[in-house]
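To start, the structure under review is shown below, and the notes come after it.
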Protein chains: 2
Amino acid sequence: MEELELGYNSQLFARAVEALMQLPGVGRKSAQRYMLHLLQRGEMHERFVQPIADCLTGMQHCPECLGFSDTGVRCPTCADESRTNGQLCVVADVRDQLAIERAGGFNGKYFVLGGLIDPMGGIGPEQLPIAQLLQRVQDGGIDEVILAFSVNMEGDTTTFYLRRKLEELNVRISVPARGMPFGETLEQTDEITLGQALRQRTSVHVPMGLAVED
Amino acid sequence: MEELELGYNSQLFARAVEALMQLPGVGRKSAQRYMLHLLQRGEMHERFVQPIADCLTGMQHCPECLGFSDTGVRCPTCADESRTNGQLCVVADVRDQLAIERAGGFNGKYFVLGGLIDPMGGIGPEQLPIAQLLQRVQDGGIDEVILAFSVNMEGDTTTFYLRRKLEELNVRISVPARGMPFGETLEQTDEITLGQALRQRTSVHVPMGLAVED
């Protein structure tokens with residue numbers, strides 16, 4: 001038995017806390033709070049442990065979008081015939097897909113990269129299913145590819161790389177608009193965002209004889 | 001099969017996210033981030049699920065302090081003969097015990113109440129092992145009982161209740177000092193704390209012929 005750390009009287013508790021500390025952003029104090037919470041409630045094996053175990057062991061991927069699929073066949077979104085096949089939205093992971101679905105307004109299909117190009121983190125294009133994405137676009141029926149990534153170094157790197165690859169395929173390539181987020185004051189908007197928002201300003205009313213010029 | 005919520009394409013994922021949302025303070029977005037993190041790493045059944053399951057099923061209590069004990073016999077702290085039996089520190093749960101151990105300086109024994117009196121939350125004194133605590137003190141050998149609870153309504157209520165009960169047992173009763181926390185500026189200290197800190201001020205230097213009076 002290894003040495004008990006930091007005054008723990010229970011190895012079972014110490015090991016469970018270490019396990020919970022593997023969650024992103026969860027430190028020792030939160031992990032202790034989580035485990036005590038689980039211990040103080042009943043049926044936590046059935047209600048907490050089992051669903052996570054089932055997901056870890058049973059999860060499969062949709063062969064079309066590479067997102068999640070419980071059965072390994074096409075996921076409900078890919079199989080949804082009310083959605084257009086003409087627009088393909090490329091996202092980093094299913095969380096981003098969920099965020100776009102909740103925002104509403106997009107009625108096309110998705111392609112889940114499963115990550116972003118991140119040279120600093122050791123993730124190059126060859127580790128992402130980019131060949132599969134290009135094949136899907138080449139197979140036809142897609143008019144527009146929307147590269148919907150987070151606005152950061154990895155997102156921009158991936159957009160840049162995919163744009164170069166997709167440009168050869170005669171397809172419209174777009175990215176979400178950049179500008180001032182809802183609820184932000186002009187003064188507090190960072191200068192990169194504000195500069196971009198001003199350069200890409202949109203007309204709301206053009207009086208006769210006047211036009212906004214850049 | 002129930003309806004999939006909020007655009008999830010996987011019931012396995014949706015259920016695992018719901019499971020993680022049972023952790024205190026964890027919302028849907030954090031739960032999704034946690035589950036994706038677990039899915040993206042390997043061996044998470046062994047390294048995450050199993051330690052938590054083992055803790056939930058195997059955890060027992062020390063018969064003396066009611067804290068954790070893997071085997072159901074006296075915990076290492078209670079069995080530690082280098083610690084004095086004369087001082088008994090009463091805490092709400094093992095997290096508080098760990099915090100006191102890390103602070104250092106206390107070398108007595110503990111008693112873990114497993115909760116605090118919380119009339120609003122429906123927890124009365126009869127749901128806590130108070131009879132067991134009083135018995136332990138009555139059995140003798142304890143000079144001082146330290147009631148070390150959080151500084152809030154539940155902590156103060158429990159201190160008040162236990163003080164009344166313990167006063168009959170001819171034992172010194174104490175609570176941790178209240179005052180300004182380390183690193184706090186005087187201006188930002190809340191008025192209750194500041195008032196208490198001033199009333200309970202401690203002498204650092206008493207010149208001849210002068211004394212701090214209250």
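Letters A, B, ... mirror the listed sequences (proteins, then strands); counts begin at 1.
Per-residue heavy-atom pair counts under 4.5 Å with chain A were compared for B:Thr71, B:Val26, B:Thr57, B:Val49, and the maximum is reached by B:Val49. Taking A:Arg41, A:Met44, A:Lys29 one by one and counting their heavy-atom pairs under 4.5 Å with chain B, the maximum is reached by A:Met44. Ranked by non-hydrogen atom pairs under 4.5 Å with chain B, the options A:Gly114, A:Cys55, A:Ala16, A:Gly25 are led by A:Cys55. With respect to chain A, the highest number of heavy-atom pairs below 4.5 Å among B:Cys78, B:Ala19, B:Gly67 belongs to B:Ala19. Ranked by heavy-atom pairs under 4.5 Å with chain A, the list B:Leu56, B:Leu20, B:Asp54 is led by B:Leu56.
A:Ile123 and A:Leu116 get closest at one heavy-atom pair: CG2-O, 3.4 Å. Across all their heavy atoms, B:Ile100 and B:Ala148 have their closest contact at CD1-CB, 3.9 Å. The two residues B:Ser69 and B:Gly72 come nearest to each other via the heavy atoms OG-N, 3.0 Å.
With hydrogens and angles disregarded, a donor-acceptor distance shorter than 3.5 Å links the side chain of B:Ser10 to the backbone of B:Leu12. Remark: side-chain polar atoms of A:Arg178 are not paired, donor with acceptor, to backbone N or O of A:Ala197 under 3.5 angstrom. Judged by distance alone, with hydrogens and angles left aside, the side-chain atoms of B:His37 form no donor-acceptor pair with the main-chain N or O of A:Leu23 at under 3.5 Å.
No more than 12 heavy atoms of other residues, nucleotides or ligands shown are found within 6.0 angstrom of CD on A:Glu191.
There is no contact between B:Val17 and chain A, counting heavy-atom distances below 4.5 Å. Using a 4.5 Å cut-off between heavy atoms, B:Ile52 touches chain A through backbone and side chain atoms alike. Proximity to chain A is limited to the side chain of B:Met35, based on heavy atoms less than 4.5 angstrom apart. For A:Leu36, the part sitting under 4.5 Å from any heavy atom of chain B is the side chain, from C-beta outward, and nothing else.
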